[in-house]
Peer 1: 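The following block contains the structure, expressed as C-alpha coordinates.
Quantities reported herein were computed from a predicted structural model and do not represent experimental measurements.
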Amino acid sequence: MAPENTAEKVRRGLEALRTRLGVAASASKGLAARAPGRVNLIGEHTDYNDGFVFPMAIDREIVLVGQRREDEVVRLYSLDYDQESQFTLSRVEKDPQAPWSDYVRGVVDVLQKAGYRLGGFDAVITGDVPQGSGLSSSAALEVAAITLLDGLFGLGIEPPEKARLGQRAENEFVGVACGIMDQFISAAGKAGHGLFLDCRTLAYEHVPLHLEDARVVVVNTNKRRGLVDSEYNARRRECEEGAAFFAARIPGVKALRDVTMEQFAAYESELPEPIRRRSRHVVSECQRVLDSVEALKAGDLERFGQLMNQSHISLRDDFEVSCRELDVIVEIAWKTPGVYGARMTGAGFGGCAVALVHKDQVEALSAAIRETYPEETGLTPDIYVFSAVDGASVLAVESEGSA
Ligand code: GLA
(Lines give C-alpha, C1' and ligand atoms only; values in the text may rest on other atoms or scores of the structure.)
Protein backbone atom coordinates (compact mmCIF):
# COMPACT_ATOMS: atom_id res chain seq x y z
CA MET A 1 0.00 0.00 0.00
CA ALA A 2 1.52 3.33 -1.06
CA PRO A 3 1.39 6.27 1.35
CA GLU A 4 -1.28 8.82 0.60
CA ASN A 5 -1.30 12.31 2.03
CA THR A 6 -3.72 13.33 4.73
CA ALA A 7 -5.75 15.73 2.58
CA GLU A 8 -6.33 12.99 0.04
CA LYS A 9 -7.56 10.61 2.75
CA VAL A 10 -9.94 13.27 4.08
CA ARG A 11 -11.23 13.91 0.57
CA ARG A 12 -11.88 10.20 0.02
CA GLY A 13 -13.53 9.98 3.44
CA LEU A 14 -15.85 12.92 2.71
CA GLU A 15 -16.78 11.44 -0.61
CA ALA A 16 -17.58 8.09 1.00
CA LEU A 17 -19.61 9.80 3.72
CA ARG A 18 -21.82 11.08 0.95
CA THR A 19 -21.83 8.13 -1.46
CA ARG A 20 -21.77 5.23 1.04
CA LEU A 21 -23.59 6.65 4.06
CA GLY A 22 -25.70 9.29 2.29
CA VAL A 23 -24.47 12.13 4.51
CA ALA A 24 -23.72 15.58 3.14
CA ALA A 25 -20.82 16.82 5.25
CA SER A 26 -21.39 20.11 7.00
CA ALA A 27 -18.55 22.11 8.48
CA SER A 28 -20.55 22.77 11.66
CA LYS A 29 -21.25 19.11 12.47
CA GLY A 30 -18.48 17.31 10.63
CA LEU A 31 -14.86 16.69 11.43
CA ALA A 32 -11.89 14.55 10.50
CA ALA A 33 -9.26 13.07 12.80
CA ARG A 34 -5.99 11.29 12.11
CA ALA A 35 -3.72 9.10 14.21
CA PRO A 36 -0.41 7.54 13.13
CA GLY A 37 1.01 4.03 13.39
CA ARG A 38 4.32 3.56 15.16
CA VAL A 39 7.65 1.84 15.14
CA ASN A 40 9.38 1.16 18.42
CA LEU A 41 13.06 2.17 18.27
CA ILE A 42 14.05 0.51 21.55
CA GLY A 43 12.39 -0.69 24.78
CA GLU A 44 10.63 -3.91 23.77
CA HIS A 45 8.37 -5.93 26.06
CA THR A 46 9.02 -3.39 28.78
CA ASP A 47 5.73 -1.45 28.77
CA TYR A 48 3.76 -4.09 30.68
CA ASN A 49 6.63 -4.27 33.17
CA ASP A 50 6.10 -0.61 34.14
CA GLY A 51 9.30 0.11 32.21
CA PHE A 52 10.61 2.52 29.57
CA VAL A 53 9.95 2.62 25.83
CA PHE A 54 11.20 4.78 22.98
CA PRO A 55 8.91 4.61 19.91
CA MET A 56 8.28 7.13 17.13
CA ALA A 57 5.06 7.89 15.25
CA ILE A 58 5.35 7.09 11.53
CA ASP A 59 4.04 8.78 8.41
CA ARG A 60 1.34 6.14 7.96
CA GLU A 61 -2.00 6.92 9.56
CA ILE A 62 -5.66 6.13 10.02
CA VAL A 63 -8.10 8.90 9.14
CA LEU A 64 -11.72 9.06 10.27
CA VAL A 65 -14.15 11.51 8.72
CA GLY A 66 -17.31 11.83 10.77
CA GLN A 67 -20.41 13.80 11.49
CA ARG A 68 -22.77 14.04 14.48
CA ARG A 69 -26.30 12.62 14.23
CA GLU A 70 -29.40 13.70 16.09
CA ASP A 71 -30.13 10.17 17.39
CA GLU A 72 -28.20 7.40 19.20
CA VAL A 73 -27.18 5.51 16.09
CA VAL A 74 -23.57 4.96 15.06
CA ARG A 75 -22.89 4.04 11.45
CA LEU A 76 -19.34 3.15 10.45
CA TYR A 77 -18.02 2.57 6.97
CA SER A 78 -14.62 1.05 6.25
CA LEU A 79 -13.17 1.98 2.87
CA ASP A 80 -10.57 -0.79 3.17
CA TYR A 81 -13.18 -3.49 3.66
CA ASP A 82 -15.88 -1.70 1.67
CA GLN A 83 -18.33 -2.56 4.42
CA GLU A 84 -20.75 -0.85 6.78
CA SER A 85 -21.38 -1.70 10.43
CA GLN A 86 -24.05 -0.11 12.62
CA PHE A 87 -25.01 -0.05 16.32
CA THR A 88 -26.68 2.14 18.93
CA LEU A 89 -25.04 3.83 21.90
CA SER A 90 -27.21 1.95 24.39
CA ARG A 91 -26.07 -1.43 23.08
CA VAL A 92 -22.41 -1.68 22.17
CA GLU A 93 -21.35 -5.19 21.22
CA LYS A 94 -18.79 -6.76 18.94
CA ASP A 95 -19.70 -7.30 15.30
CA PRO A 96 -18.41 -10.71 14.16
CA GLN A 97 -19.33 -9.79 10.58
CA ALA A 98 -17.14 -6.68 10.72
CA PRO A 99 -14.31 -7.19 13.24
CA TRP A 100 -12.61 -3.97 12.03
CA SER A 101 -15.48 -2.07 13.64
CA ASP A 102 -14.76 -3.55 17.09
CA TYR A 103 -11.95 -1.05 17.68
CA VAL A 104 -14.36 1.86 17.28
CA ARG A 105 -17.12 0.03 19.17
CA GLY A 106 -14.62 -0.58 21.97
CA VAL A 107 -13.71 3.08 22.08
CA VAL A 108 -17.37 4.10 22.27
CA ASP A 109 -17.92 1.56 25.04
CA VAL A 110 -15.00 2.66 27.22
CA LEU A 111 -15.71 6.37 26.69
CA GLN A 112 -19.29 5.86 27.86
CA LYS A 113 -18.19 3.73 30.81
CA ALA A 114 -15.69 6.46 31.75
CA GLY A 115 -18.58 8.93 31.91
CA TYR A 116 -18.13 10.82 28.64
CA ARG A 117 -21.41 11.81 26.99
CA LEU A 118 -21.57 10.90 23.33
CA GLY A 119 -24.21 11.23 20.66
CA GLY A 120 -24.78 9.20 17.52
CA PHE A 121 -22.49 9.74 14.57
CA ASP A 122 -21.61 8.57 11.08
CA ALA A 123 -17.96 7.95 10.25
CA VAL A 124 -15.84 6.69 7.39
CA ILE A 125 -12.51 4.98 8.11
CA THR A 126 -9.56 4.99 5.76
CA GLY A 127 -5.80 4.80 6.12
CA ASP A 128 -2.47 3.45 4.98
CA VAL A 129 -0.95 1.76 8.04
CA PRO A 130 -0.06 -1.76 6.86
CA GLN A 131 -2.29 -4.15 8.82
CA GLY A 132 -1.14 -7.16 10.80
CA SER A 133 2.51 -6.21 10.42
CA GLY A 134 3.24 -4.86 13.88
CA LEU A 135 3.00 -1.17 12.99
CA SER A 136 0.02 -0.65 15.31
CA SER A 137 -2.81 -0.05 12.89
CA SER A 138 -5.27 -1.05 15.66
CA ALA A 139 -3.88 1.46 18.13
CA ALA A 140 -3.98 4.12 15.40
CA LEU A 141 -7.64 3.31 14.73
CA GLU A 142 -8.51 3.47 18.44
CA VAL A 143 -6.70 6.77 18.94
CA ALA A 144 -8.13 8.27 15.72
CA ALA A 145 -11.64 7.28 16.88
CA ILE A 146 -11.12 8.85 20.32
CA THR A 147 -9.74 11.99 18.67
CA LEU A 148 -12.74 12.20 16.36
CA LEU A 149 -15.21 11.77 19.22
CA ASP A 150 -13.26 14.22 21.35
CA GLY A 151 -13.65 16.78 18.57
CA LEU A 152 -17.25 16.00 17.63
CA PHE A 153 -18.56 16.08 21.21
CA GLY A 154 -16.13 18.52 22.86
CA LEU A 155 -14.89 15.99 25.43
CA GLY A 156 -11.56 17.69 26.25
CA ILE A 157 -9.44 14.51 26.40
CA GLU A 158 -5.66 15.06 26.66
CA PRO A 159 -3.22 12.73 24.82
CA PRO A 160 -2.23 10.56 27.82
CA GLU A 161 -5.91 9.92 28.61
CA LYS A 162 -6.56 9.12 24.94
CA ALA A 163 -3.84 6.50 25.21
CA ARG A 164 -5.29 5.01 28.41
CA LEU A 165 -8.79 4.83 26.92
CA GLY A 166 -7.46 3.29 23.71
CA GLN A 167 -5.58 0.64 25.65
CA ARG A 168 -8.69 -0.10 27.71
CA ALA A 169 -10.73 -0.54 24.53
CA GLU A 170 -8.15 -3.02 23.26
CA ASN A 171 -7.81 -4.89 26.60
CA GLU A 172 -11.40 -4.97 27.76
CA PHE A 173 -13.49 -4.83 24.59
CA VAL A 174 -11.37 -6.27 21.77
CA GLY A 175 -9.74 -8.66 24.26
CA VAL A 176 -6.04 -8.23 23.44
CA ALA A 177 -3.68 -7.83 26.40
CA CYS A 178 -1.39 -5.08 25.06
CA GLY A 179 0.57 -2.51 27.06
CA ILE A 180 0.27 1.28 26.80
CA MET A 181 3.05 1.99 24.28
CA ASP A 182 1.24 1.82 20.94
CA GLN A 183 -1.69 4.02 21.89
CA PHE A 184 0.54 6.46 23.72
CA ILE A 185 2.88 7.16 20.83
CA SER A 186 -0.05 7.42 18.42
CA ALA A 187 -1.63 10.03 20.69
CA ALA A 188 1.47 11.94 21.76
CA GLY A 189 4.21 11.60 19.10
CA LYS A 190 6.13 14.61 17.84
CA ALA A 191 7.63 15.20 14.38
CA GLY A 192 11.37 14.59 14.24
CA HIS A 193 11.40 13.10 17.73
CA GLY A 194 11.22 9.79 19.52
CA LEU A 195 9.03 9.55 22.61
CA PHE A 196 10.73 8.51 25.82
CA LEU A 197 7.91 7.19 27.99
CA ASP A 198 7.86 5.94 31.55
CA CYS A 199 5.05 3.40 31.32
CA ARG A 200 4.42 3.51 35.08
CA THR A 201 3.96 7.24 35.60
CA LEU A 202 3.21 8.09 31.94
CA ALA A 203 5.70 10.94 32.23
CA TYR A 204 7.20 11.49 28.80
CA GLU A 205 9.77 13.50 26.94
CA HIS A 206 10.25 14.13 23.20
CA VAL A 207 13.87 13.43 22.27
CA PRO A 208 15.28 14.69 18.91
CA LEU A 209 16.26 11.82 16.63
CA HIS A 210 18.96 13.70 14.67
CA LEU A 211 17.78 12.26 11.39
CA GLU A 212 19.56 14.84 9.23
CA ASP A 213 21.94 12.21 7.88
CA ALA A 214 20.25 9.03 9.05
CA ARG A 215 17.06 7.23 8.11
CA VAL A 216 14.73 4.86 9.92
CA VAL A 217 14.26 1.84 7.66
CA VAL A 218 11.57 -0.67 8.56
CA VAL A 219 11.37 -4.08 6.95
CA ASN A 220 8.23 -6.18 7.14
CA THR A 221 8.99 -9.91 7.20
CA ASN A 222 5.53 -10.63 5.78
CA LYS A 223 5.55 -13.76 7.89
CA ARG A 224 2.20 -14.96 9.14
CA ARG A 225 2.13 -14.37 12.88
CA GLY A 226 0.22 -17.29 14.31
CA LEU A 227 1.80 -17.48 17.75
CA VAL A 228 1.97 -13.89 18.73
CA ASP A 229 -1.04 -13.66 21.07
CA SER A 230 -0.43 -16.82 23.08
CA GLU A 231 3.32 -16.22 23.33
CA TYR A 232 2.75 -12.58 24.30
CA ASN A 233 0.49 -13.67 27.16
CA ALA A 234 2.99 -16.35 28.20
CA ARG A 235 5.79 -13.75 28.36
CA ARG A 236 3.60 -11.48 30.46
CA ARG A 237 3.02 -14.28 32.95
CA GLU A 238 6.72 -15.10 33.08
CA CYS A 239 7.53 -11.46 33.74
CA GLU A 240 5.00 -11.41 36.58
CA GLU A 241 6.72 -14.44 38.07
CA GLY A 242 10.05 -12.66 37.81
CA ALA A 243 8.61 -9.54 39.43
CA ALA A 244 7.11 -11.60 42.28
CA PHE A 245 10.49 -13.26 42.90
CA PHE A 246 12.25 -9.92 43.30
CA ALA A 247 9.36 -8.32 45.20
CA ALA A 248 9.68 -11.05 47.84
CA ARG A 249 13.39 -10.27 48.29
CA ILE A 250 13.90 -6.56 47.67
CA PRO A 251 11.78 -3.96 49.46
CA GLY A 252 10.04 -1.52 47.15
CA VAL A 253 10.13 -3.73 44.04
CA LYS A 254 6.72 -3.91 42.37
CA ALA A 255 7.66 -4.70 38.78
CA LEU A 256 10.78 -5.80 36.88
CA ARG A 257 11.35 -2.16 36.04
CA ASP A 258 12.35 -1.59 39.67
CA VAL A 259 15.17 -4.14 39.56
CA THR A 260 18.68 -2.83 38.78
CA MET A 261 21.30 -4.83 36.87
CA GLU A 262 23.29 -5.17 40.13
CA GLN A 263 20.30 -6.56 42.01
CA PHE A 264 19.58 -8.93 39.15
CA ALA A 265 23.16 -10.20 39.24
CA ALA A 266 22.99 -10.74 43.00
CA TYR A 267 19.93 -13.00 42.78
CA GLU A 268 19.97 -14.53 39.30
CA SER A 269 21.43 -17.87 40.36
CA GLU A 270 18.31 -18.50 42.48
CA LEU A 271 15.92 -17.86 39.59
CA PRO A 272 14.55 -20.82 37.61
CA GLU A 273 14.74 -20.83 33.81
CA PRO A 274 13.25 -19.34 31.71
CA ILE A 275 12.26 -16.71 34.29
CA ARG A 276 15.90 -15.79 34.78
CA ARG A 277 16.43 -14.96 31.11
CA ARG A 278 13.05 -13.25 30.71
CA SER A 279 13.84 -11.04 33.70
CA ARG A 280 17.34 -10.32 32.42
CA HIS A 281 15.88 -9.06 29.16
CA VAL A 282 13.47 -6.66 30.84
CA VAL A 283 15.98 -5.35 33.37
CA SER A 284 18.69 -4.82 30.74
CA GLU A 285 16.27 -3.42 28.15
CA CYS A 286 15.05 -0.74 30.55
CA GLN A 287 18.66 0.30 31.08
CA ARG A 288 19.23 0.32 27.31
CA VAL A 289 16.35 2.77 26.86
CA LEU A 290 17.87 5.12 29.44
CA ASP A 291 21.29 4.79 27.76
CA SER A 292 19.72 5.38 24.31
CA VAL A 293 18.10 8.61 25.41
CA GLU A 294 21.41 9.78 26.81
CA ALA A 295 23.23 8.81 23.59
CA LEU A 296 20.71 10.65 21.40
CA LYS A 297 20.87 13.75 23.57
CA ALA A 298 24.61 13.72 22.94
CA GLY A 299 23.96 13.20 19.20
CA ASP A 300 25.72 9.82 19.36
CA LEU A 301 23.98 7.66 16.74
CA GLU A 302 26.76 5.06 16.83
CA ARG A 303 26.11 4.37 20.49
CA PHE A 304 22.36 4.32 19.95
CA GLY A 305 22.86 1.80 17.14
CA GLN A 306 24.93 -0.48 19.38
CA LEU A 307 22.15 -0.44 21.94
CA MET A 308 19.64 -1.42 19.23
CA ASN A 309 21.86 -4.38 18.34
CA GLN A 310 22.11 -5.47 21.98
CA SER A 311 18.35 -5.18 22.27
CA HIS A 312 17.92 -7.60 19.37
CA ILE A 313 20.29 -10.15 20.87
CA SER A 314 18.47 -9.95 24.18
CA LEU A 315 15.06 -10.35 22.53
CA ARG A 316 16.36 -13.26 20.48
CA ASP A 317 18.25 -15.20 23.16
CA ASP A 318 16.76 -14.18 26.50
CA PHE A 319 13.18 -13.21 25.73
CA GLU A 320 12.87 -15.60 22.76
CA VAL A 321 10.40 -13.57 20.74
CA SER A 322 12.39 -13.24 17.52
CA CYS A 323 12.14 -15.69 14.63
CA ARG A 324 14.33 -16.79 11.76
CA GLU A 325 12.85 -14.23 9.34
CA LEU A 326 13.55 -11.33 11.71
CA ASP A 327 17.05 -12.63 12.45
CA VAL A 328 17.84 -12.89 8.73
CA ILE A 329 16.88 -9.25 8.13
CA VAL A 330 18.73 -8.00 11.19
CA GLU A 331 21.86 -9.94 10.26
CA ILE A 332 21.84 -8.56 6.72
CA ALA A 333 21.58 -5.07 8.22
CA TRP A 334 24.40 -5.72 10.69
CA LYS A 335 26.67 -6.64 7.75
CA THR A 336 25.78 -3.59 5.66
CA PRO A 337 28.15 -0.61 5.95
CA GLY A 338 26.47 2.58 7.12
CA VAL A 339 23.95 0.77 9.37
CA TYR A 340 24.20 2.18 12.91
CA GLY A 341 22.05 -0.56 14.37
CA ALA A 342 19.17 -2.96 13.69
CA ARG A 343 16.73 -5.01 15.71
CA MET A 344 13.35 -6.67 15.64
CA THR A 345 10.58 -4.30 16.70
CA GLY A 346 7.14 -4.81 18.24
CA ALA A 347 5.83 -7.97 19.82
CA GLY A 348 7.91 -10.35 17.64
CA PHE A 349 7.30 -13.76 15.98
CA GLY A 350 7.17 -11.92 12.65
CA GLY A 351 6.16 -8.36 12.01
CA CYS A 352 8.95 -5.88 11.34
CA ALA A 353 12.62 -5.16 11.92
CA VAL A 354 13.92 -1.61 12.24
CA ALA A 355 17.34 -0.27 11.23
CA LEU A 356 18.97 3.11 11.68
CA VAL A 357 20.99 3.74 8.53
CA HIS A 358 23.11 6.52 7.07
CA LYS A 359 21.04 8.16 4.34
CA ASP A 360 23.55 7.29 1.64
CA GLN A 361 23.33 3.58 2.48
CA VAL A 362 19.56 3.11 2.42
CA GLU A 363 19.67 1.88 -1.17
CA ALA A 364 22.48 -0.58 -0.47
CA LEU A 365 20.62 -1.98 2.53
CA SER A 366 17.35 -2.30 0.61
CA ALA A 367 19.12 -4.05 -2.27
CA ALA A 368 20.85 -6.49 0.08
CA ILE A 369 17.56 -7.35 1.78
CA ARG A 370 15.67 -7.68 -1.50
CA GLU A 371 18.30 -10.06 -2.77
CA THR A 372 19.09 -12.23 0.25
CA TYR A 373 15.86 -12.34 2.29
CA PRO A 374 13.71 -14.13 -0.34
CA GLU A 375 16.52 -16.66 -0.95
CA GLU A 376 16.76 -17.46 2.73
CA THR A 377 13.07 -17.47 3.62
CA GLY A 378 10.99 -17.78 0.45
CA LEU A 379 9.17 -14.59 1.46
CA THR A 380 9.10 -11.14 -0.13
CA PRO A 381 9.85 -8.26 2.24
CA ASP A 382 8.27 -4.81 2.26
CA ILE A 383 10.76 -2.03 2.91
CA TYR A 384 9.78 1.39 4.22
CA VAL A 385 11.69 4.54 5.06
CA PHE A 386 9.65 6.29 7.73
CA SER A 387 9.88 9.77 9.15
CA ALA A 388 8.79 10.68 12.67
CA VAL A 389 5.51 12.62 12.65
CA ASP A 390 3.15 14.28 15.12
CA GLY A 391 0.65 12.26 17.12
CA ALA A 392 -3.12 12.35 16.61
CA SER A 393 -4.85 15.56 15.53
CA VAL A 394 -8.20 16.92 14.46
CA LEU A 395 -8.60 18.25 10.94
CA ALA A 396 -11.33 20.66 9.89
CA VAL A 397 -13.52 19.63 6.98
CA GLU A 398 -15.01 22.03 4.48
CA SER A 399 -18.76 22.05 3.91
CA GLU A 400 -19.69 20.31 0.74
CA GLY A 401 -19.79 22.82 -2.05
CA SER A 402 -17.39 25.21 -0.34
CA ALA A 403 -14.25 23.15 -1.01
C1 GLA B 1 2.92 -5.02 21.27
C2 GLA B 1 2.07 -4.42 22.37
C3 GLA B 1 2.83 -3.31 23.10
C4 GLA B 1 4.20 -3.82 23.56
C5 GLA B 1 4.94 -4.50 22.42
C6 GLA B 1 6.23 -5.14 22.85
O7 GLA B 1 3.16 -4.05 20.27
O8 GLA B 1 0.88 -3.88 21.82
O9 GLA B 1 2.06 -2.83 24.18
O10 GLA B 1 4.07 -4.67 24.67
O11 GLA B 1 4.15 -5.50 21.80
O12 GLA B 1 7.15 -4.15 23.24
Side-chain angles (χ1 to χ4, degrees), residues 29 31-35 38 47-48 50 62-78 84-125 127 136-188 197 199-204 229 232-233 236 240 255 391-394:
K29 287 193 283 181
L31 212 59
R34 56 164 282 283
R38 66 98 185 90
D47 62 353
Y48 54 83
D50 278 2
I62 303 287
V63 168
L64 264 71
V65 180
Q67 173 134 310
R68 285 193 300 275
R69 295 173 57 98
E70 302 303 325
D71 56 16
E72 293 229 303
V73 172
V74 176
R75 290 192 305 157
L76 304 171
Y77 194 89
S78 161
E84 186 182 327
S85 177
Q86 181 174 329
F87 61 100
T88 58
L89 293 177
S90 52
R91 196 183 163 120
V92 190
E93 288 166 354
K94 285 190 179 181
D95 182 354
Q97 308 307 320
W100 54 267
S101 74
D102 291 344
Y103 300 96
V104 183
R105 289 163 179 264
V107 158
V108 168
D109 192 49
V110 299
L111 282 170
Q112 294 198 124
K113 285 182 175 152
Y116 292 103
R117 290 184 68 88
L118 306 178
F121 62 98
D122 295 315
V124 171
I125 304 167
S136 292
S137 58
S138 334
L141 175 52
E142 288 150 3
V143 173
I146 294 169
T147 304
L148 179 81
L149 296 176
D150 181 41
L152 284 179
F153 300 106
L155 307 177
I157 309 177
E158 295 296 324
E161 181 64 5
K162 282 186 189 172
R164 272 203 212 91
L165 290 162
Q167 184 198 14
R168 259 185 75 189
E170 181 106 20
N171 292 168
E172 292 168 19
F173 191 90
V174 180
V176 174
C178 63
I180 188 78
M181 169 169 70
D182 308 340
Q183 289 81 4
F184 207 100
I185 179 61
S186 184
L197 173 67
C199 298
R200 169 176 285 160
T201 64
L202 300 191
Y204 65 98
D229 282 354
Y232 187 87
N233 292 337
R236 286 189 72 137
E240 277 164 27
S393 54
V394 156

Peer 1: What are the two closest non-hydrogen atoms of Leu89 and Gly119, and how far apart are they?
Peer 2: CD1-C, 3.4 Å

Peer 1: Can you tell me which residue pairs pass the ring pair (Phe, Tyr, Trp, His ring centres under 6.0 Å) test with a partner in residues 162-187, sequence neighbours excluded?
Peer 2: Phe184-Tyr204

Peer 1: May I have the list of side-chain donor-acceptor pairs in residues 161-168 shorter than 3.5 Å, sequence neighbours left out?
Peer 2:
residue : atom : partner : partner atom : Å
Glu161  : OE1  : Arg164  : NH1          : 2.8
Lys162  : NZ   : Thr147  : OG1          : 3.2
Gln167  : NE2  : Cys178  : O            : 3.2
Gln167  : NE2  : Gly179  : O            : 3.4
Arg168  : NE   : Glu172  : OE1          : 3.3

Peer 1: Got Gln86 and Val74 here, is their nearest side-chain heavy-atom distance under 4.5 Å?
Peer 2: no

Peer 1: Determine, stepwise, if the pair Arg75 / Val73 fulfils side-chain contact (heavy atoms from CB on, under 4.5 Å).
Peer 2: CA-CA 6 Å; Arg75 290 192 305 157; Val73 172; 3.9 Å; yes

Peer 1: What's the separation between atom OG in Ser85 and atom CD in Gln97, rounded to the nearest 0.5 Å?
Peer 2: 9.0 Å

Peer 1: Please identify which of these residues, Val143, Leu64, Val394, Val107, meets the side-chain contact (heavy atoms from CB on, under 4.5 Å) condition with Leu148.
Peer 2: Leu64

Peer 1: Restricting to salt bridge (Lys or Arg N to Asp or Glu O under 4.0 Å), what partner residues turn up for Glu93, sequence neighbours left out?
Peer 2: Arg91

Peer 1: Within the structure provided, determine whether Met181 and Tyr48 are in side-chain contact (heavy-atom separation under 4.5 Å).
Peer 2: no

Peer 1: Is there side-chain contact between Arg34 and Ile62, with at least one heavy-atom pair below 4.5 Å?
Peer 2: no

Peer 1: Would you indicate whether the side-chain heavy atoms of Tyr77 and Asp122 approach each other to under 4.5 Å?
Peer 2: no

Peer 1: Who pairs with Phe87 by ring pair (Phe, Tyr, Trp, His ring centres under 6.0 Å), at least two apart in sequence or on another chain?
Peer 2: none

Peer 1: Give me the atom names and distance for the closest heavy-atom approach of Ala35 to Ser186.
Peer 2: CB-OG, 3.5 Å

Peer 1: Return the CG to CZ distance between Leu31 and Phe121, rounded to the nearest 0.5 Å.
Peer 2: 12.0 Å

Peer 1: Is the shortest heavy-atom distance from the side chain of Leu155 to the side chain of Leu118 under 4.5 Å?
Peer 2: yes

Peer 1: Taking the side chain as everything from C-beta on, heavy atoms only, tell me whether Asn171 gets closer than 4.5 Å to Val176.
Peer 2: no

Peer 1: Taking the side chain as every heavy atom from C-beta outward, state whether Ser90 and Glu72 have any pair of such atoms under 4.5 Å apart.
Peer 2: yes

Peer 1: Ile125 and side-chain contact (heavy atoms from CB on, under 4.5 Å): which single residue from Val104, Val65, Val63 fits?
Peer 2: Val104

Peer 1: Counting C-beta onward and ignoring hydrogens, is there a side-chain heavy-atom pair between Ile180 and Leu202 closer than 4.5 Å?
Peer 2: yes

Peer 1: Kindly compute the distance separating OG (Ser138) from CH2 (Trp100), expressed to the nearest 0.5 Å.
Peer 2: 14.0 Å

Peer 1: Walk me through it: do Phe153 and Arg117 pass the test side-chain contact (heavy atoms from CB on, under 4.5 Å)?
Peer 2: CA-CA 8 Å; Phe153 300 106; Arg117 290 184 68 88; over 6 Å; no

Peer 1: Output yes when a side-chain donor or acceptor of Asp150 lies under 3.5 Å from a complementary backbone atom of Ile157, and no otherwise.
Peer 2: yes

Peer 1: Could you list the residues that satisfy ring pair (Phe, Tyr, Trp, His ring centres under 6.0 Å) with Tyr116, not counting sequence neighbours?
Peer 2: none

Peer 1: Using salt bridge (Lys or Arg N to Asp or Glu O under 4.0 Å), reason through Arg38 and Asp182 one step at a time and then give a plain yes or no.
Peer 2: CA-CA 7 Å; Arg38 66 98 185 90; Asp182 308 340; 2.8 Å; yes

Peer 1: Can you name the salt bridge (Lys or Arg N to Asp or Glu O under 4.0 Å) partners of Asp95, sequence neighbours left out?
Peer 2: Arg105

